[in-house]
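Since this is a predicted model, take the numbers as computed values, not measurements. In what follows, every chain begins at residue 1, and chains take the letters A, B, ... in the order their sequences are listed.
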Protein chains: 2
Amino acid sequence: MTSIHDVAKAAGVSISTVSYALSGNRPVSENTRSRIEAAVRELGYQPNAGARMLAGRRTHIFALTEPLRPDTHAPTHMAFVLATSVAARKRGYDILLLTDEQASAGMSRVTASDLVDAVLVLDVAPDDERVAIARSIRTPTIFIGIPDDSEGLHCVDLDFHGAGSLAVDRLVHAGHRSIALIGQASLAYQRSNFPRRLLNGFEARAEERGVDHSFSASGETVTDPRAVRRAVETALDDGASALVVHAADDVHEIALAVLAERGLAVGTDISVLSAGASFDTANLSAAVDTIPLIPQLSCDLAVDLAVRSLEESLTPSVHLIPPEYREVGSVAPPRLG
Amino acid sequence: MTSIHDVAKAAGVSISTVSYALSGNRPVSENTRSRIEAAVRELGYQPNAGARMLAGRRTHIFALTEPLRPDTHAPTHMAFVLATSVAARKRGYDILLLTDEQASAGMSRVTASDLVDAVLVLDVAPDDERVAIARSIRTPTIFIGIPDDSEGLHCVDLDFHGAGSLAVDRLVHAGHRSIALIGQASLAYQRSNFPRRLLNGFEARAEERGVDHSFSASGETVTDPRAVRRAVETALDDGASALVVHAADDVHEIALAVLAERGLAVGTDISVLSAGASFDTANLSAAVDTIPLIPQLSCDLAVDLAVRSLEESLTPSVHLIPPEYREVGSVAPPRLG
DNA sequence: TTGAAAGCGTTACCAT
DNA sequence: ATGGTAACGCTTTCAA
C-alpha cells in the first residue's frame, strides 16, 4: 500500500507537511500544496485508517444502532438509514451498523474500543435499553427519536405533537367542526411514542378549538384493511368532514378507496390530510395535503449534533423539528350536509 | 481509556503475554491466563480498534455495499442486511455500511485506506458497476447475488434456476399439466437477474416435461393489484390447475383472494406454490408450499467465504444454494375439469 | 512459558 | 513555511 512516505518523497517534502496539507491544520504554501495534491492523485494515496485512528483523535466513523425487529416498518426504516448515511458522509464520516442484539451490546463494545466517534440511535422505543447504555458511555450519543425519559440525552425528532396540532388548526381554519384521525396500528403506540405524541397534539388542539374529534388505529399489529375501512366509514357516518391520516401508505390508499366508493371527491366533498408520513404522498391515488416526516432533516441535524459534540461540550436537549405544511388542495371548506 | 498496559500491570505480566492470552496466538499457562482474564473483566478492557488495525493485519470490519435505490424492496432488503450483520458478528466482524453513491465510490475508498478486510455486495444488478471495482481492488469481495458477467468473482445466491425447475417437478409429479407462474413486477426483471433465472428454470423444465405453462408479471414497476388479478383470472380461465408465485407477499394475498372469490380451495381445487420468497409464508391467509429464499443461508456462506479468503487464496466461483421444498399441503392432484 | 522491543502509518508538538 | 520526531496502543519477532 502506498503510504504518506511515498507521497512525501514524490512531492519532495516531509511527511508532516503532507499530513498538514491534507488535514489543513497548518498553512501550506500554494506551490507545495499543489505538488502534494498531484502526488496524492498520482499514487492514489488514501491515509491508512488504523494509523489515523491511533494517532489522531478521530476514527471518522459513527455507529448507527438499529435493532431491526421483525415488526419494524422496513420502508420507513430504510429511509432513515439512507438519510443518516448520506448525512454522515457529507461530514466525512462512515457508518458502522449495529443491529439485532448488537444494537445494545455493540454500543458498549465499539465505544469502549474507540472504534467510533459518536453513536446515532434509530428506532427509539419508549423504554429503550440503549438509553442506559448511552448514559454509561463517554462517546457522544444522539437519539433520532425520543424515549420516555430523555433526561440528559441529545434527541432529534419531528415535533409530532406540533404536527397533530397543526393538522387540526388547518382543518378548523377551513371551517371543519368534526375531524377524524386514522392512526397507526395499535402495536406502534407501544413500540414508539411518536404516534401518541401526534395523537396528543391532535386531541389537545381539537379540545381547545372545541371541535368534534375521533381516533381509530389502523389495525392491531399491522395494517388491517377491514379495520381501516371500518374506521373511515364510521367517521363518515358520524359526520366527520375531514380525515387526518397518520399511517403507512397502504392505509392512505384504503381510506381513499372508501371515499371513492362513496363518491366523495377529495378536496371537495371531503378534506384529507396526511401527517407524519415519510413516503412520497405524491404517489398516492389522490393528491393530499401533507405534514411530512422528512428523514433527511432529522438525520442531518443528528449528524450535525454528533460532529459538534466532538468539538465542544453540548448541553443535552431535545430538538424538535417544526412541522411544515404542504398544500395541494385536498383541504377545503366542509360541504354542508 | 484502559489499555493493554493496565491489564498487564494488574495481572503482573508483560503486555505481550496479555496480547497472546487474548488472541490465543501462543500458549499461555492456565494460571497466567486466568489472572489476565480477571484483570480484563475487572478493568472492562477492550483493545483499541485503531491500534489493532495498525499493528495487526485485520480490521475486523467488512464493508456492506447496498445502493438502496428508491425501488428497492425494503422488507427483503432489510432481511439481507440483518442476516449479513448477524453472520459477520458470529465471526467477530462488524459491518460498515456503504449506501447511495458511496456504494461504489466507497468501495474504492475504504479498501484503499484499509478500513475493511473484505467487501460484501448486496442488491446486485445484471451490469453492476461494482463488478469493475471488485476487479480493481485487492480486498476480497463477495457478491450476494450474481451479475451477468461473474467471471473471476466470488458469488453466492439461491439456485433460482433450480428453484423454478423444482417447482415444476413437484407440480408435474402431482399430476398437473397446466401451470401458471405469477412473477415479479416487470421492472424487477431488469434490475436484477434472479427473477429471470427462476423464470428460465421454470420454462425450461416445463418444456422438458411437456406441460402447458404461462408467465405473467405482477405489475410494471411495483405490485399492481389489477395486473395480478388479471393474471390469475386468465390463468384459471386458460385451464391452469396450479399456480407458482415468485413475488412479494402482497401479490400472494391478491392471488389467494381471487382464488377464494372463485370458491377454489387451495390444496384441493387448486394447487399453489410460493418460490423464492424471503418473507414468512406462514403468515399468508392460506398455507402454501414454499421453496424459500433464506437470507441467512446466503449471508452465512458469503461471510464464510470472506473470512476464508483472508486466510487462503480461494478460487473465485459462483456458489448456488440448493433450493429446498417445504410442504404444507397446498399441492394436490388436479381436480378433473 | 514469558518478556523486550521493533515496528505499523499517522498526527501533532517542538524546532528551525 | 517546513522538517524532525515522539507518541498513539497494539501485534509479533526475537531472545531467554
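Inspection of the A:Glu66 and A:Thr99 side chains reveals no N or O donor paired with an N or O acceptor under 3.5 Å. Checked by atom type, the side-chain pair A:Ser14/A:Ser16 shows a donor-acceptor distance below 3.5 Å.
B:Arg138 places none of its side-chain heavy atoms less than 4.5 Å from the side chain of B:Thr111. Using a 4.5 Å heavy-atom cutoff, the side chains of A:Ile144 and A:Val124 are not in contact. The shortest distance between side-chain heavy atoms of B:Met107 and B:Ile137 falls below 4.5 Å.
Taking only side-chain nitrogens and oxygens, B:Thr17 never comes nearer than 4.0 Å to OP1 or OP2 of C:dT1. OP1 and OP2 of C:dT11 both lie 4.0 Å or more from every side-chain N or O belonging to A:Asn25. In this model, the phosphate group of C:dA12 is not approached by any side-chain N or O of A:Ser19 to a distance below 4.0 Å at OP1 or OP2.
For B:Thr32, whose side chain is taken as the heavy atoms from C-beta onward, the closest listed nucleotide among C:dT10, D:dC10, C:dT2 is C:dT2.
Separating the CG atom of B:Leu43 from the P atom of D:dG9 is a distance of 15 Å, rounded to the nearest angstrom. The distance between atom NE2 of A:His5 and atom P of C:dG9, rounded to the nearest whole Å, is 9 Å. Atoms CG (A:Asn31) and P (D:dT2) sit 8 Å apart, rounded to a whole Å. Between B:Met53 atom CE and D:dT12 atom P the separation is 15 Å, expressed in whole Å. We find that CZ of A:Arg58 is positioned 13 Å from P of C:dT11, with the value rounded to whole Å. In this structure, A:Lys9 atom NZ and C:dG9 atom P are separated by 13 Å, rounded to whole Å. As a whole-Å value, the separation of B:Ile4 CD1 from D:dT12 C1' is 12 Å.
More than 12 heavy-atom neighbours from other residues, nucleotides or ligands sit within 6.0 angstrom of CD on B:Glu37.
Between A:Arg33 and B:Tyr45, it is A:Arg33 whose nearest contact on DNA chain D lies nearer the 5' terminus.
In this structure, A:Tyr93 and A:His60 have tilted ring planes: the angle between them lies in the 30° to 60° band.
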Give me, pair by pair, the N or O atoms of the protein and of nucleotides 4-8 of chain D that are less than 3.5 Å apart, along with how far apart they are.
{"unit_1": "D:dG4", "atom_1": "N7", "unit_2": "A:Ser16", "atom_2": "OG", "d": "3.3"}
{"unit_1": "D:dG4", "atom_1": "O6", "unit_2": "A:Ser16", "atom_2": "OG", "d": "3.3"}
{"unit_1": "D:dC8", "atom_1": "O2", "unit_2": "A:Ala55", "atom_2": "N", "d": "3.3"}

